[in-house]
Amino acid sequence: MTTLRTPCGAPRPVDVGKTMTVYGWVNRWRDQGGLIFLDLRDHSGILQIVLNPQTSPAAHAAAHGVRNEWVLRVDGELRMRDAEHVNTNLETGEVELHAGVCEVLAVAKTPPFAVNEDAEVEEQLRLRYRYLDLRRPRLQRNLRARARFIAVIRTAMVEQGFIEVETPMMIRATPEGARDYLVPSRVFPGSFYALPQSPQLYKQLSMVAGVDRYFQIARCMRDEDQRADRQPEFTQLDLEMSFVDEDDVFAAVEHAISSAWNACEFRGSPVTTPFPRIPWPEAMERYGVDKPDTRFGMHLCDLTDVARTSGFRVFADAVASGGVVKAIRVEGGDDLTWSEIEGRLLDIARAVKAKGLAYLWKRADGWQSGIAKFFTADELEAIGAATGAQVGDCVLMVADRSGIAAAALGALRNHLGRERKLYGSERVDMLWITNFPMFERSEETGEITPAHHPFTMVNPDDLDKLESDPLSVRSRAYDLVVNGHEVASGSIRITDPDVQRRVFAAIGIDREQARRKFGFLLEAFEYGAPPHGGCAPGIDRLVMEGLGEENIRDVIAFPKNQQAQEVMTDAPAPVDESQLRELGLALLPRAREPQ
RNA sequence: GGCCCCGUGGUGUAGCCUGGCCUAACACGCCACCCUGUCAAGGUGGAGAUCGUCGGUUCGAAUCCGAUCGGGGUCGCCA
């Protein structure tokens, strides 16, 4: 069958006169009573088939009654179209296949939505009939782009001396991090495997094993709530390297990603290396977030000094209680209305716990807004100078704890940048964020937790502060950011068992707990561990960014919905009582109730 | 768990704010017939939605109110 097959998108004028066989789906049909025209589609493109009742009555008869999405085999002779009948919208538009034989291989019901175009359809329906959605042009493109992206990455990794190592999918549950998906053991009732949140520990152990350069296109599973860029299972280019520092990891990742990005002609390509690096403190200072979108300016400014002594109580009090006042200047923000600011923009600020949002318009006749009267002329002057505001601009200000003020303005900045179209859709900014802090304090519990993970190497200059002032300790962790989205994170790892124990101690894991949870790793490090580090770029997010897709589900063949259900097969689903019994499991009464 | 948005023939929308003219409109699709150069084919005719569900207000509800279900976005969460 395949040896004689010609892809629908292949025929060209040079093939005219050839006899060929094409297979595909009916994209459109035009039955003129006499002549019938069929547009036949496969993965490669679309070819017009002509059925003539005079010259091929049997084929014509077979094609009569054919409908969209029917599957056909057509034998025929390729002919040139007359000049006036050329269709410039088709790659094959200069030729057409005159059918000698037309065989219906499969009929199709009228699909629940149009397969031959990319019209918007409710996502629930698309997911339920995913095989039809995938047949449509956009997801076909995405599927193929993703495959190519991965193929080029794999080649680039191998060329750089990495070897692909497969790590287990059923592993020991780790207490830290995201919620695990669990797999019950039949042999050991009451014991469970976990699906990997990442192959982190195995790839580090592979370094101890002398692999030197490990990589894997690895599936990772995390049982957390979904987002537009998060799926319960996702794919990472997981990599780890021995005897390296940050520069080596960056170079390897940059080569792999830029090669694949450019080969796929993703937006903004060709991207060039090296990617810029921004230290974490600078990102927070200038952008308010640890994943800055650098495609536009609107940097955060600090007004704390002006606010401290101002007559505006909200500001002065905030500073007096240890807070800060930060601002962004919205160029041409004169068109922002009071109700927009108090509505949508305030909602954005409040979403990250900011208490309020202050604003001043700079107009030709001076500063305007309800709060302008609380400031002296000098103070307004100072605000203008600090923000660089010009006539026609608007200044948005948040007074709060440092982290909240930065987060609120960072969120507003992202929102305004997108809404006011401050960058072109083809622009791509890839950059590294470096110098992350080693720890952060949990908002809820007040406990100190690792900012990245507990195997991240401490910046050697800060080693002596590990016990005395852990929150000031910097790590050797880094993130890769594309257009304001985190697409990778990694670090140089701890390989000194003593440092590892001190880090565990800082986050409240004592020797005994460490031995119990990560004893195998600590033990491994006692047998000659090479210094190593790595990174794990998210394939789904990179492809998403490259294609300009706004949802991760559109770059995954069979994704899950926000409730982590796969609606086509209806997973998850209850299992037989006998299966549970075999695993030594019983459901709590609450779980038995109909959902 | 919080907040926001959406739910009207097969698909996508309009109508909803300001209840009655809605016996629910439009486009695409679907069905039948006509048509020998169409390609977003064209022409003629036709079928198809009690407006997510339940309850309330009203003489009267797609429209107002409440609850609930489903979907999406987001905060929390994601070492």
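Lettering follows sequence order; numbering is per chain, from 1. What you see below is based on every heavy atom in this structure, not just the backbone, and it leaves out hydrogens, waters and symmetry mates.
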May I ask you to say what [X] touches in the nucleic acid, namely base, sugar-phosphate or nothing, with a heavy-atom cut-off under 4.0 Å?
X	answer
A:Arg222	sugar-phosphate
A:Gln48	base
A:Thr88	nothing
A:Arg179	nothing
A:Ile507	nothing
A:Arg28	sugar-phosphate
A:Glu122	sugar-phosphate
A:Gln32	base
A:Ala114	nothing
A:Asn551	sugar-phosphate
A:Gln562	base
A:Ala351	sugar-phosphate
A:Gln563	sugar-phosphate
A:Arg128	nothing

Quick check for you: among [options], whose closest atom lies nearest to any side-chain atom of [X]?
X	options	answer
A:Glu96	B:G76, B:G12, B:U38	B:U38
A:Glu123	B:G76, B:G72, B:U38	B:G72
A:Glu224	B:C78, B:G73, B:A40	B:C78
A:Arg227	B:G72, B:U74, B:U38	B:U74
A:Ala178	B:C35, B:C78, B:G71	B:C78

Is there a donor-acceptor pair closer than 3.5 Å between any side-chain N or O of [X] and the backbone N or O of [Y]?
X	Y	answer
A:Arg136	A:Ala119	yes
A:Ser56	A:Ala99	yes
A:Thr495	A:Ala529	no
A:His98	A:Thr55	no

[Y] and [X], any side-chain heavy atoms less than 4.5 Å apart:
X	Y	result
A:Asp462	A:Ser472	no
A:Lys203	A:Asp238	yes
A:Tyr478	A:Asn435	no

side-chain N/O A:Gln565 vs B:G71 OP1/OP2, d < 4.0 Å: yes
Presence of A:Arg67 side-chain N/O under 4.0 Å of B:C31 phosphate oxygens OP1/OP2: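 For B:C31, OP1/OP2 do have a side-chain N/O of A:Arg67 under 4.0 Å.
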For the [atom1] atoms, the ones on [N] and on [M], what distance do you get once it is rounded to whole angstrom?
N	M	atom1	value
B:U23	B:G60	P	15 Å
B:G9	B:C26	P	16 Å
B:C51	B:C22	C1'	11 Å
B:G7	B:C54	C1'	16 Å
B:G20	B:U58	C1'	12 Å

If we call it a pair only when both distances are under 3.5 Å in a Watson-Crick or G-U wobble match, what pairs with [N]?
N	result
B:G42	B:C34
B:U53	B:A67
B:C78	none
B:C22	none
B:G60	none

A:Phe37 over B:U38, stacked by centroid distance under 5.5 Å, angle under 30°: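 The ring of A:Phe37 is stacked on B:U38.
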Whole-Å distance separating the [atom1] atom of [X] from the [atom2] atom of [N]:
X	N	atom1	atom2	value
A:Phe113	B:U13	CZ	P	14 Å
A:Lys353	B:U74	NZ	P	17 Å
A:Tyr129	B:G10	OH	P	11 Å
A:Arg126	B:G70	CZ	C1'	17 Å
A:Asp554	B:G72	CG	P	12 Å
A:Leu97	B:U38	CG	P	19 Å
A:Arg541	B:C78	CZ	P	14 Å
A:Arg81	B:G37	CZ	C1'	10 Å

Residue closer to the 5' end of RNA chain B, A:Asp225 versus A:Asp347 (nearest nucleotide):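 Per heavy-atom nearest nucleotide, the more 5' residue is A:Asp347.
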Residue met sooner reading RNA chain B from 5', once A:Val121 and A:Trp29 are mapped to nucleotides: A:Val121
Polar side-chain contact A:Arg230-B:C78 base: donor and acceptor under 3.5 Å: yes
Donor-acceptor side-chain pairing of A:Asn142 and A:Glu549 below 3.5 angstrom: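 Indeed, the side chains of A:Asn142 and A:Glu549 share at least one donor-acceptor pair under 3.5 Å.
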Short side-chain donor-acceptor distance under 3.5 Å, A:Arg493 and A:His453: yes
